[in-house]
There are 2 protein chains.
Amino acid sequence: MAIETGGWVTMGEVAERAGVSKITVSRVLRSPDKVKQETRERVRAAIAELGYVPDEAAGGLSSRRSRIVGAVISTLAGSTFASTVDGLGDRLRQNGHQLLLAGTDYSSAREADAVAAMLGRRPDGLVLTSTTHRDDTRRTLEASRIPVVEIWELPVDPIGYAVGFSNRDAGAAMARHLLAAGRRRMAFIGTAGEDDRRGRLRYDGFAEVLEQSGVAEVRATAAASGTQTARGARGLAAVLERWPDTDAVFCSSDTLALGALSEARRRGLTVPEDIAIAGFGDFEFAGEFGLGLTTVRVPGPDIGEVAAQLILDVNAGLEPPSRTVDLGFQVIARATT
Amino acid sequence: MAIETGGWVTMGEVAERAGVSKITVSRVLRSPDKVKQETRERVRAAIAELGYVPDEAAGGLSSRRSRIVGAVISTLAGSTFASTVDGLGDRLRQNGHQLLLAGTDYSSAREADAVAAMLGRRPDGLVLTSTTHRDDTRRTLEASRIPVVEIWELPVDPIGYAVGFSNRDAGAAMARHLLAAGRRRMAFIGTAGEDDRRGRLRYDGFAEVLEQSGVAEVRATAAASGTQTARGARGLAAVLERWPDTDAVFCSSDTLALGALSEARRRGLTVPEDIAIAGFGDFEFAGEFGLGLTTVRVPGPDIGEVAAQLILDVNAGLEPPSRTVDLGFQVIARATT
DNA sequence: CGGCGCTATGTTACCGATAACATAACAGCC
DNA sequence: GGCTGTTATGTTATCGGTAACATAGCGCCG
């Protein structure tokens with residue numbers, strides 16, 4: 001932290017000060033054991049005195065390893081992916097990589113732009129929360145030879161790899177839980193458009209189990225605008241208007257479920273006696289000291305960590321045993337069902 | 001999307017195919033109006049045919065503009081900063097920049113590491129959620145000549161710029177709200193360690209108003225481990241044990257407030273009749289169709305957007321009118337007070 | 001008609017690192 | 001004592017772009 005005449009200190013300046021060549025400085029940073037201890041210390045001292053920070057972009061250009069992983073996330077708001085991004089960033093950091101983030105707001109056009117922008121950084125890997133892409137996006141990614149990990153679902157034919165769980169099975173599991181609790185006239189509340197994809201899969205699994213049970217009916221609704229809680233409230237209102245005898249609702253997210261809870265309360269209904277309400281995600285507010293909401297817990301942070309590790313492994317030459325990693329989910333029964 | 005013999009297409013290859021020199025391709029990308037339309041189209045065609053994606057790292061190395069902005073965030077989980085990061089990323093994207101993200105988990109040692117790692121990318125700007133830093137971190141940043149924006153608080157002496165609001169004033173405003181609602185024996189529930197800093201400021205403002213009112217008492221407690229909701233629940237329990245006549249609690253976050261609500265309910269207390277509960281943040285679950293929680297709304301997305309714009313402006317040579325931007329806050333009175 | 005100012009394009013020299021190969025010094029071995 | 005292998009360090013070329021300075025062609029003006 002010293003001389004720096006305005007700009008950045010370069011490796012050459014460090015080398016000069018330490019009385020060695022650039023490459024020796026490079027070795028001290030990347031493979032210290034190839035340098036004699038005495039030299040190493042001299043170089044380290046020069047680095048400290050000058051406050052040298054190596055330029056990773058230059059290094060990456062030469063070594064063809066950017067040490068950057070890109071994450072293309074629909075949105076961080078709404079609790080869903082935040083913990084996954086935390087997990088991802090954490091694991092990457094531990095391995096000397098950095099995380100580049102882009103949001104798509106559930107638009108595949110924006111996903112295409114984000115992917116193109118990220119490819120410009122020649123990332124060592126790419127993580128996508130969406131599992132449906134524009135054709136050209138998919139082709140570009142396949143041609144890029146960069147490890148791509150799709151998360152939060154297990155696509156039949158992943159671009160590269162996939163880490164997540166089966167949304168369909170999760171919906172089915174919740175159906176079984178509600179059946180076991182004696183419910184028979186059940187509705188699903190989702191959101192239209194956008195996040196649709198995964199929600200749709202949850203619904204499919206849910207509906208299938210109910211139909212096959214032969215004893216229960218399924219109803220479904222989705223609200224398209226407003227906050228998630230507002231949609232949940234309107235969703236429950238719509239369900240009860242059309243099917244007043246509904247005795248359970250499964251919401252595609254905990255936030256929707258909270259909206260439904262507030263609507264139920266507003267109507268003077270008792271949960272779970274009059275109606276059972278279940279959510280999805282096990283967000284913090286759903287927990288024991290929060291709403292006490294029955295929900296499906298998904299391994300958010302683990303998904304991020306496993307996705308990161310997968311990328312690191314592939315780049316280290318270790319071909320993983322499977323292209324798809326199923327981290328499962330868990331139905332958490334609490335007070336609302 | 002075509003020939004690509006395994007690696008990446010370079011600008012030179014595009015140039016050759018279009019029958020021009022590299023620099024002309026570069027101009028088509030960066031300043032298209034300096035190139036004759038006919039040439040421009042030929043180059044664009046070549047770019048499309050070859051599926052060329054310019055290497056931003058190489059470009060940045062040469063132009064000394066990385067088009068990267070770094071954000072050092074304590075954590076994404078917990079709703080607090082997610083919307084800010086969304087806003088930040090959005091504004092950056094619109095201006096051709098990308099967002100590099102690092103988490104610190106509220107540790108200033110990890111902040112120091114993250115800052116060092118980011119500086120290695122020569123970012124065009126840096127955004128920090130923390131406003132307390134290790135001395136060396138601060139010095140490094142000051143020496144770097146990179147625009148630094150501290151957010152979610154208005155430090156007296158910012159490193160570079162600051163965008164946020166006064167946590168102290170926010171605490172004070174909530175105190176006035178509760179006083180006006182007739183409450184007199186109030187407690188503050190915060191979290192120890194970590195996030196402490198901003199929570200402490202909220203408490204200071206809260207306590208000051210109450211003391212100066214001459215009619216109200218203040219109590220404070222903080223829980224140090226467990227989930228936020230669990231801390232809120234334990235916080236309320238601790239408060240009521242020690243000061244059973246407490247008639248209002250102000251929690252340092254909505255999540256804590258939810259924990260307190262659940263504890264109140266568990267004890268058979270009616271909110272707000274027996275006890276008023278207020279939170280901070282106006283997370284989605286606190287809203288009208290959620291908990292209906294009285295809280296303080298802060299402009300999360302705006303903070304991100306304004307911080308991004310500030311960095312873009314400074315890099316464009318526009319010195320902003322002030323180093324500090326106060327975006328304010330708003331007390332939202334709902335059903336719990 | 002020579003010179004000026006445009007417009008359109010090209011040439012050269014980097015930016016700051018690393019890979020790959022080269023070299024020097026020295027120890028160990030037959 | 002010469003050969004080989006190992007350790008420690010250096011030299012050169014290159015990664016893929018962009019800045020800065022050329023250059024060429026052309027219209028226009030006095």
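Here is how names work: the chains are called A, B, and so on, in the same order as the sequence lines, proteins then strands, and each is numbered from 1. Fair warning: this is a prediction, and the values are worked out from it, not measured in the lab.
For A:Ser26 and C:dT18, the shortest distance from a side-chain N or O to OP1 or OP2 is below 4.0 Å. Contact annotation: A:Arg64 reaches the phosphate of D:dG16 (side-chain N/O to OP1 or OP2, under 4.0 Å). Taking 4.0 angstrom as the limit, A:Arg27 places none of its side-chain polar atoms (N or O) nearer than this to OP1 or OP2 of D:dT9. Listed pair B:Thr39 / C:dA8 fails the phosphate criterion, with no side-chain N or O lying under 4.0 Å from OP1 or OP2. In terms of phosphate contacts, B:Ser63 brings no side-chain nitrogen or oxygen within less than 4.0 Å of OP1 or OP2 of C:dC15.
Checked against D:dG16, D:dT9, C:dA17, the side chain of A:Val35 finds its nearest nucleotide in D:dT9. Side chain of A:Ile23, nearest nucleotide from C:dA17, D:dT18, C:dT18: C:dT18. Side chain of B:Thr24, nearest nucleotide from C:dG10, C:dA17, D:dG17: C:dG10.
For A:Glu319, the CD atom sits in a packed shell: over 12 heavy atoms of surrounding residues, nucleotides or ligands are nearer than 6.0 Å.
Rounded to an integer number of Å, the gap from A:Leu119 CG to D:dG16 P is 15 Å. The interatomic distance linking A:Lys36 (NZ) with C:dC26 (P) rounds to 10 Å, in whole Å. With rounding to whole Å, B:Lys34 atom NZ is found 14 Å from C:dC6 atom P. Here D:dT9 presents its P atom at 13 Å from CG of A:Asp33, a figure rounded to the nearest Å. Rounded to an integer number of Å, the gap from B:Gln37 CD to C:dT7 P is 16 Å. Atom CZ of B:Arg122 and atom C1' of C:dG16 are 9 Å apart (whole Å). Here D:dG16 presents its P atom at 8 Å from CD of B:Glu13, a figure rounded to the nearest Å. Spacing between atom CE of B:Met11 and atom P of C:dC14 amounts to 20 Å, rounded to whole angstrom units.
A salt bridge is defined here as a Lys NZ or Arg NE, NH1 or NH2 lying under 4.0 Å from an Asp or Glu carboxylate O, and B:Glu111 with B:Arg134 fails to meet this definition. Between B:Glu305 and B:Arg91 there is a salt bridge, with a side-chain nitrogen of the basic residue lying less than 4.0 Å from a carboxylate oxygen of the acidic one. At a threshold of 4.0 Å, the pair B:Arg64-B:Asp124 does not count as salt-bridged, since none of the basic side-chain nitrogens sits closer than that to a carboxylate oxygen.
Under 3.5 Å, the side chain of B:Ser21 and the base of C:dG10 form no donor-acceptor pair of N or O atoms.
Residues A:Lys22 and B:Lys22 each lie close to DNA chain C; by heavy-atom proximity, the contact nearer the 5' end of the strand is made by B:Lys22.
For A:Tyr52 and A:Trp8, the ring centers are positioned 6.0 Å apart or more.
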